[in-house]
Undergrad: 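To start, I am sharing the structure in question, which I have written as structure tokens.
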Amino acid sequence: CRLLRMGKDAGPEERPKWDNKAQYLLTCIGFAVGIGNVWRFPYLCQIYGGGAFLIPYLIALVFEGLPLLFLELAVGQRLRKGSVGVWKTINPVIGGVGIACLIVSFLVGVFYNTILAWVLWYFFHSFQEPLPWSTCPLNESRIDYNLECKKSTPVNYFWYRETLNITPDIEISGSVEWGMVICLASAWCIVYICFIKGIDSVGKAVYVTSTFPYLVLTIFLIRALTLPGATDGLLYLFTPDWQTLTNPRVWLDAATQIFFSLSVAFGGLISFSSYNEEKNNCERDAVLVGVINSATSIYASIPIFSILGFKATTAFNACKDENILALTNYFEFSDQNITLQNYDYWYEYLNTTYPEKFQSLSLRECDLQKLLNVSGTGLAFIVFTEAVISMPGSQVWAVLFFVMLFSLGLSSMFGNIEGVLAPLNELKLLPRWMPKELISAVICLISFLVALLFTLSSGNYWVEVFNGYVGSVPLLIIALFEIIGVIYFRGMKTFSDDIYIMTGRRPNIFWKACWMVISPLLLLVVFVAYVIVQAQTRPTYQAWNPDYVKKLYPDWVFAIIILLCVVPVISIPLVALYQLLRGRFRKSSVGMELNPYDNDAFVTDTQEQKTQRA
Amino acid sequence: MLEKILLLLSLSLSVAEGLCKPGVGEAYKVRFSIKTALGDQAYPWNKNEMFLFRAALAFAMRDFTNGEEFGVSDIHPCNETQRVSFWFVVTRPKTMDLVDKGTVEMAIKKSRNRINGAFLLTDKTLEFDGIYPTLAAPVSPDTPPWLIVFGVVMGAVSVGIIALLVYPLVQRKLKKNMDADDEDSDEETGVKTAENGANDGIYNSTFSDDERFTQM
């Protein structure tokens with residue numbers, strides 16, 4: 001009947017729902033498990049005394065990570081709104097937290113997808129024989145290799161020159177790299193196609209993007225353990241150095257790693273859990289997601305470090321071979337008199353017997369430890385690609401690795417985009433006639449255009465700026481306000497009732513203690529310590545020309561850094577101020593939409609009424 | 001007569017030895033890394049191998065100069081070491097004039113593979129100090145392969161996007177056509193269908209007559 005049909009259309013849209021619980025869990029796990037699990041955790045584990053690092057890491061997980069996770073999932077599931085609606089419902093004064101989440105999700109999404117564009121570039125280039133980063137290209141006269149490549153290594157050259165075409169300084173912007181632009185466009189198109197129908201399409205995409213990385217990690221694990229030198233890498237990784245536990249920096253890094261690894265404070269998790277049914281055990285979900293995230297980090301570090309160990313051993317032996325050749329030629333020893341086995345003995349002997357001659361040779365220091373000490377983009381695009389060259393069947397391993405990285409990043413991007421779209425819908429900034437496909441397209445297009453900044457020749461430096469500052473301080477502040485908002489504005493009692501309604505039992509003393517005291521304290525300490533550590537030294541960055549050079553950020557970049565830290569969180573005090581002033585001048589309640597066709601009597605008892613009561 | 005020949009030979013030998021001075025003039029240094037290349041199957045270095053070297057080099061000179069009759073005696077090695085490295089100079093046939101470095105270099109470059117092959121060695125293990133091997137030109141296909149992969153991936157994604165956007169529109173159009181046919185039959189049997197379709201909401205039959213006049 002048309003009257004009723006109109007009434008239904010003019011009323012609130014039905015909230016999208018997950019097809020099944022597995023989709024929801026896979027999406028949350030995919031959001032939490034990202035590229036950082038693969039390239040940041042193994043590095044931290046290794047520099048902070050291997051097995052010993054697991055202790056502060058697990059303590060931070062239990063006392064900081066899981067409570068925050070549980071809080072976000074519970075709040076989203078109960079109030080059934082995205083990150084803006086949830087905070088507005090709890091108390092309009094802290095509505096700014098949602099807007100901060102929106103801005104942070106947007107900024108992080110923009111630079112994160114650039115990393116995915118880089119991964120795509122490497123993926124496209126992995127279908128060549130030989131791999132393009134295995135040899136230096138020839139120079140113009142074709143007599144010798146390219147000069148810049150000779151000063152550095154072929155892998156470095158491919159990454160810095162052929163991929164990024166990097167400038168020696170962040171102030172020199174260079175030009176837009178068209179190769180990178182089309183990779184960036186591809187990355188955004190792939191994100192768009194997965195997000196085209198909102199969580200209907202995302203829910204299907206995560207069946208692949210969240211499970212495929214585990215498959216690849218297992219394949220790599222089996223392969224890596226059979227490589228020579230793998231055990232060196234693993235020993236290096238897991239040898240516990242209990243001394244490091246006395247260094248406060250270790251605890252700080254463990255806490256920050258857990259926090260950023262779980263992807264809380266983006267608003268995406270709140271949105272995802274709001275699409276659940278109300279009676280869903282979110283406590284179990286939170287523990288599951290948190291534990292799987294940490295387990296993945298530990299599981300991923302095994303093949304990564306085995307391969308690193310293999311690569312370091314190969315490079316170490318190559319370095320020794322080079323020195324052996326130089327020594328043999330200079331001192332005219334018989335061929336193969338000095339071998340890899342007796343290298344150390346000969347090295348010492350010659351150094352002591354003929355010191356001046358020895359010095360004149362200027363042999364390279366062969367240091368195994370130094371070769372194992374890499375993280376971040378360096379680990380994925382430099383060290384790993386170098387390792388892959390030495391493995392038989394390099395193309396297969398390269399393709400597998402980059403597809404895995406892409407899946408990991410893509411599933412995290414879903415959370416970022418959701419953290420942008422859901423609040424936008426709730427802020428009602430967009431006209432109603434726009435279908436969600438068009439809104440997603442516009443968001444992807446705008447993000448793509450902003451990300452063109454990162455396709456400049458100096459783009460890598462900017463990605464590091466964003467990574468270091470947007471993805472750190474604002475999140476800590478948002479998380480702090482989230483806990484305060486739930487515990488003090490909503491009240492522990494109301495929140496316990498919420499959880500009772502959803503899971504059938506109230507939160508036990510552990511959760512309560514964490515939410516009320518331990519987690520906010522921990523977050524505050526981490527935030528203050530983080531700011532102090534950052535403020536102690538003028539921030540520097542590593543430029544490449546073609547040697548690594550440490551440089552200071554110029555003042556205008558420093559100003560942008562400050563802006564990036566402040567702009568996302570400025571909405572929290574602004575909105576609070578606005579609401580307090582508004583509350584004084586007007587007594588009207590928050591946004592009751594007057595809809596002439598909406599006859600409450602005909603609207604069946606929906607969640608709407610329940611939330612109105614809440 | 002015999003003494004004269006012997007005197008000339010010894011003179012030439014001593015002059016030749018004077019010609020070959022390490023690091024000076026037209027001398028080249030060469031290094032053999034036989035054990036590195038062949039491992040267990042390495043042959044020992046001895047006078048015969050040296051003879052082979054001189055013969056190979058004489059061949060290279062003949063080949064390059066197109067017939068000038070270089071012989072084994074025109075290659076003069078000296079300063080042989082345990083490394084298996086030595087210096088050598090090349091003289092013109094039947095004279096003691098040194099062949100200049102450039103010519104020797106080009107001759108060696110031209111026949112490098114043949115010289116390597118005679119010793120079962122490679123460019124790296126049979127090293128001529130100062131003569132760099134010509135590098136193999138890298139294969140550069142006309143269309144970079146990465147663009148092909150990119151094209152495939154983007155093509156699939158674009159087709160997917162268009163399909164996902166167009167399919168529901170097509171579905172809706174088909175449904176509208178079907179609905180238009182249904183509604184004509186709906187108006188006559190309005191009450192009956194409403195009772196069957198109770199999941200649409202609570203239907204209040206007092207409004208069913210009004211529909212005829214208040215069409216919106």
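Since this is a predicted model, take the numbers as computed values, not measurements. Throughout, protein chains are lettered first and strands after them, A, B, ... in sequence-line order, and every chain is numbered starting at 1.
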Undergrad: Is chain A contacted by the side chain of B/T81, its backbone, both, or neither, given a heavy-atom distance below 4.5 Å?
TA: side chain
Undergrad: Please find out if less than 6.0 Å separates the ring center of A/Y157 from that of A/W133.
TA: no
Undergrad: Rounded to the nearest 0.5 Å, how far does CG of A/L184 lie from OG1 of A/T114?
TA: 5.5 Å
Undergrad: Can we say the SG-SG distance for A/C136 and A/C149 is below 2.5 Å?
TA: yes
Undergrad: Indicate whether the side chain of B/S33 and that of B/E127 have a donor and an acceptor atom separated by less than 3.5 Å.
TA: no
Undergrad: Measure distances from B/V153 to the heavy atoms of chain A and classify the residue's part below 4.5 Å as side chain, backbone, both or neither.
TA: side chain
Undergrad: Please classify the contact between A/I182 and chain B as side chain, backbone, both or neither, with a heavy-atom cut-off of under 4.5 Å.
TA: both
Undergrad: Heavy-atom pairs under 4.5 Å with chain A - which of B/R31, B/R83, B/Q82 has more of them than the others?
TA: B/R83
Undergrad: Need one label for B/K124: side chain, backbone, both or neither, based on atoms under 4.5 Å from any heavy atom in chain A.
TA: neither
Undergrad: Is B/Y43 atom OH crowded by more than 12 heavy atoms from other residues, nucleotides or ligands, each under 6.0 Å away?
TA: yes
Undergrad: Is it the side chain or the backbone of A/I196 that comes within 4.5 Å of chain B heavy atoms, both, or neither?
TA: side chain
Undergrad: If you tally heavy-atom pairs under 4.5 Å against chain B, which of A/C183, A/P130, A/C189 wins?
TA: A/C189
Undergrad: Using non-hydrogen atoms and a 4.5 Å limit, figure out which bit of B/P168 sits close to chain A: side chain, backbone, both or neither.
TA: side chain
Undergrad: Do the side-chain N and O atoms of A/N337 and A/S334 include a donor-acceptor pair separated by under 3.5 angstrom?
TA: no
Undergrad: For B/W146 and A/F124, take the angle between the two ring planes, folded into 0 to 90°, and tell me which bin it lands in: parallel under 30, tilted 30 to 60, perpendicular over 60.
TA: parallel
Undergrad: For A/N329, which atoms come within 4.5 Å of any heavy atom of chain B: side chain, backbone, both, or neither?
TA: both
Undergrad: Do A/R161 and A/E148 meet the salt-bridge criterion of a basic N to acidic O distance under 4.0 Å?
TA: yes
Undergrad: Counting only heavy atoms closer than 4.5 Å, note whether A/F331 contacts chain B via side chain, backbone, both or neither.
TA: neither
Undergrad: Which one of B/I148, B/V84, B/L165 has the most heavy-atom pairs closer than 4.5 Å to chain A?
TA: B/L165
